[in-house]
J.: 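Starting off with a structure, shown below.
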Amino acid sequence: MPQVIIVSNRLPVSVKKDNGQLSFYPSLGGLATGLASYIEDSKNKWIGWPGIASDELKANEKQEIIEELAKHNCSPVFLTKSEIGNFYNGYSNSVLWPQFHTLPGQRKIKDSDRTKWWSSYRNVNRQFAEATLNLAETSDKIWVHDYQLTLVPELVRAERSDLNIGFFLHIPFPKSKTFSRLAEHKRLLHGMLGADVIGFHTAEYVANFLESCSAAGLAHAESNMVTLSDHTVQVNNFPMGIDYEKYAAASKSKAVKAAYRKYRKRYKHLRVIVAVDRLDPSKGLVERLEAYRTFLQLQPKMQGKIVFSMVAAPSRTDVAAYRNLAKRLQSLVDEINTTYGTAKWQPVDYINVSVPFEEVTALFKIADVAFIAPLRDGMNLVAKEFIASKRKGGVLILSQTAGAAEELPDAILVNPRKQEELVDALQQALTMRRRELRGRLKRMQQQLATNTVQEWAAGFVETLRKPVPGTPVITPPLKGRTRSQLLKDYTAAKKRLLFLDYDGSLVPLIEDYKAAKPPKQLINLLKTLAADKRNEVVLISGRDVTDLDKWFGSLPINLVAEHGAALKRSHKKSWQTIEKVDTKWKRTLIPVLEKYAALTPKARVEIKPHSLVWHYRGSPSYYAQKYAVTIKRALKSIVKDYGLQIVQGNKMLEIKNPRISKGEAAAYWLAGNYDFIMSIGDDATDEELFEALPEAAYSIKVGRGRTAASSRLPSSAEAMKLLNALAR
Ligand code: GDG
């Protein structure tokens with residue numbers, strides 16, 4: 001069972017196709033780098049887009065991608081060319097990115113484009129939410145990332161409130177005034193507020209977000225908490241760190257040593273200023289080059305003695321603003337190199353390709369100064385990677401508008417929009433005394449070595465595990481004093497009512513649903529419990545009448561089938577139907593479900609008198625996810641017409657009459673006079689029963705997840721132990 005499902009636009013592995021041949025390579029960017037170490041644990045899963053348009057892929061290629069990604073615990077959401085254009089390049093990168101970074105007006109966007117982009121953004125967010133729902137098991141932790149997927153938390157919560165949802169924004173959250181200029185700002189806030197925990201890199205972004213919530217009149221927001229009508233959201237800063245050891249130890253690797261020699265030769269006798277960025281308008285690349293140009297002009301002595309090694313890795317090349325920036329940078333570099341360069345010396349070494357990790361690290365090692373001056377940056381991991389890569393010396397120039405500045409006061413902090421400050425900083429960095437720069441470096445290294453990316457991820461997930469104050473409190477485990485009290489009350493009681501769910505509660509869930517036959521010990525246990533005259537045992541299950549009759553029909557216990565659609569009293573032969581069977585809707589729906597079951601390996605349709613279930617436990621997640629989504633969509637209007645309900649459970653979709661529930665069925669017994677009531681259950685259908693019980697009843701949830709039960713047992717084995725203790 002996956003523990004944490006990471007959901008982000010890009011997967012840590014990307015796919016490309018050259019000459020009809022697929023190849024897989026690690027994705028670039030802060031998030032992929034940051035969480036790579038986390039996903040190595042196979043119990044976690046990562047959902048995302050593999051970086052290639054689905055229209056370019058044949059069915060067998062998609063299959064190859066699915067299989068290759070599965071090796072990395074990844075599951076793809078395939079996007080078409082038009083979705084990439086509208087959702088990704090359009091709304092995400094041409095509307096949200098510049099607005100969140102408070103960048104000056106980009107080109108004017110046509111209203112018709114904007115409408116199209118927003119609609120695609122919503123649609124793709126829905127696809128990600130559905131992929132998540134289809135992969136999520138009871139009580140999983142869902143961790144959604146970044147501005148491309150702000151609507152996912154709300155969409156997931158609407159279907160599954162048992163899941164713990166976290167959202168982390170990797171980019172800055174702007175001031176409320178800037179944010180409210182987005183026409184859709186309320187929708188975006190609603191989307192994010194579907195989470196239980198929202199994380200940002202810095203306290204400033206947290207404050208901006210809370211202010212926006214209050215300003216939009218959406219929720220009551222104060223001291224890191226947003227209170228909504230149905231849940232409370234914890235909002236906090238979780239500054240992201242780096243894999244410190246990886247950078248600190250890199251110099252020992254042969255590949256880094258080789259790259260180091262290569263650059264040492266290339267930059268012989270020169271002092272080196274380095275910058276490594278994605279080629280992005282938020283990174284202040286033009287401003288940095290202009291400042292460097294002024295520096296060369298003001299410090300003629302430095303000419304011929306220095307090089308600015310600028311790595312600008314191509315990024316979002318389909319967006320016009322990025323293409324224009326690339327042109328501008330190239331011409332600025334050419335201008336500087338022709339104005340100041342000589343036959344033997346080139347002032348800027350412009351590396352306009354993505355370079356391998358070893359080369360990046362070698363550049364960090366060689367550099368005297370890292371010149372990191374983004375206009376605005378959520379965090380900026382490069383600054384941290386530079387510090388971690390250094391041994392003895394190295395000066396960091398860093399924008400005060402990068403999130404990382406909060407943790408690195410020993411950098412030379414600059415306002416990236418003020419050219420004089422940038423120029424002065426270069427001068428200060430290149431002339432800093434050895435003692436001073438070593439002291440600064442050491443302090444920064446100490447800070448970064450303690451707050452690593454591993455700590456960051458663990459810290460966020462830990463917060464996600466804890467219930468938010470104000471929402472239902474932790475359900476205590478049934479042990480110690482509570483357990484003794486239960487046994488005592490049971491012994492003392494004269495009339496007892498026991499509601500027992502079967503699958504997942506008395507026996508573990510297994511892949512083959514039909515084969516989950518009750519073990520002998522369970523049958524004997526039920527017999528013993530039922531033999532006690534004081535006990536009324538009700539086996540209350542989602543199974544159909546046939547299964548229950550076959551397995552438990554001969555026992556003197558009450559049976560409730562199909563989550564409450566039919567019941568059979570102990571000692572009675574016939575079943576009593578609570579809701580009349582309506583076969584009309586089933587005739588319409590069965591062929592649809594069967595069609596998709598045939599397309600999905602290991603999926604099958606279960607036809608129950610009162611409901612239909614599409615089981616996909618054991619199906620490859622890609623197919624399960626794809627067709628579960630399609631089914632929900634295809635059935636939407638029929639389900640509405642017949643007044644039915646689609647319930648998304650653990651690897652199954654059930655279509656049923658909403659009037660049928662375990663809570664309703666339990667009412668048949670609850671009217672009686674009992675002095676001990678106990679109910680054991682494990683999933684969403686049991687929650688309706690827990691809620692229907694009187695205050696004094698013992699309700700026991702088996703397994704993890706949010707619950708209305710009064711206590712919890714970790715497994716069906718423990719539930720069996722408890723019942724055995726009662727039987728004794
Ligand atoms: C977003 C936020 C936030 C870059 N070029 C090459 C290369 N890189 C690596 C760096 C670093 C990562 O990519 C870039 O991370 P940043 O944090 O600097 O920036 P964004 O990509 O904009 O990331 C940012 C981050 O998310 C995490 O939350 O810090 O504020 O904008 O690891 O080393 N790596 C290689 N070749 C390159 O050419 N190998």
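Every number for a ligand or one of its atoms is a count from 1 in the order of the listing. Computed from heavy atoms alone, side chains included, the values below leave out hydrogens, waters and symmetry copies. Sequence positions, counted from 1, serve as the residue numbers for this chain.
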J.: Can you tell which of E359, R278, M379, E358 gets a heavy atom nearest to atom 21 (O) of ligand 1?
T.: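 Considering heavy atoms of E359, R278, M379, E358, the nearest to atom 21 (O) of ligand 1 sits in R278.
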
J.: Is it true that D410 and K442 have a side-chain N and a carboxylate O under 4.0 angstrom from each other?
T.: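 Salt bridge absent between D410 and K442.
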
J.: Tell me which one of E385, H170, K283 gets a heavy atom nearest to atom 27 (C) of ligand 1.
T.: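 That would be H170.
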
J.: One thing to verify: whether K186 and E154 come together as a salt bridge, which I'm taking to mean a side-chain N less than 4.0 angstrom from a carboxylate O.
T.: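 Result for this pair is no, no salt bridge flagged.
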
J.: Within the structure, does L381 bring an N/O atom to less than 3.5 angstrom of an N/O atom in ligand 1?
T.: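 Checking ligand 1 against L381, an N or O pair does fall under 3.5 Å apart.
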
J.: Pick whichever of I372, I242, V355 has a heavy atom sitting closest to atom 37 (C) of ligand 1.
T.: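 Looking at heavy atoms only, V355 sits closest to atom 37 (C) of ligand 1.
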
J.: Could you measure the distance from the CG atom of N208 to the CZ atom of F179? Nearest 0.5 Å is fine.
T.: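 N208 CG to F179 CZ: 10.5 Å, rounded to 0.5 Å.
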
J.: Salt bridge between K262 and E358, side-chain N to carboxylate O under 4.0 Å?
T.: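 Salt bridge between K262 and E358, a charged N being under 4.0 Å from a carboxylate O: no.
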
J.: Applying a heavy-atom cut-off of 4.0 Å, say which part of A402 lies close to ligand 1: side chain, backbone, both or neither.
T.: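 Neither; nothing of A402 gets under 4.0 Å from ligand 1.
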
J.: Any side-chain donor-acceptor pair under 3.5 Å between Y91 and E184?
T.: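 Side-chain D/A pair, Y91 to E184: present.
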
J.: Regarding ligand 1, does W97 bring an N or O atom to under 3.5 Å of one of the ligand's N or O atoms?
T.: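 Min N/O separation from ligand 1 is not below 3.5 Å for W97.
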
J.: Side chain or backbone, does G378 bring an N or O within less than 3.5 Å of an N or O on ligand 1?
T.: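 Yes - when backbone and side-chain N and O of G378 are compared with those of ligand 1, one distance drops under 3.5 Å.
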
J.: Mind checking whether Y147 and H170 have ring centres under 6.0 Å apart?
T.: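 So the answer is no for these two rings.
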
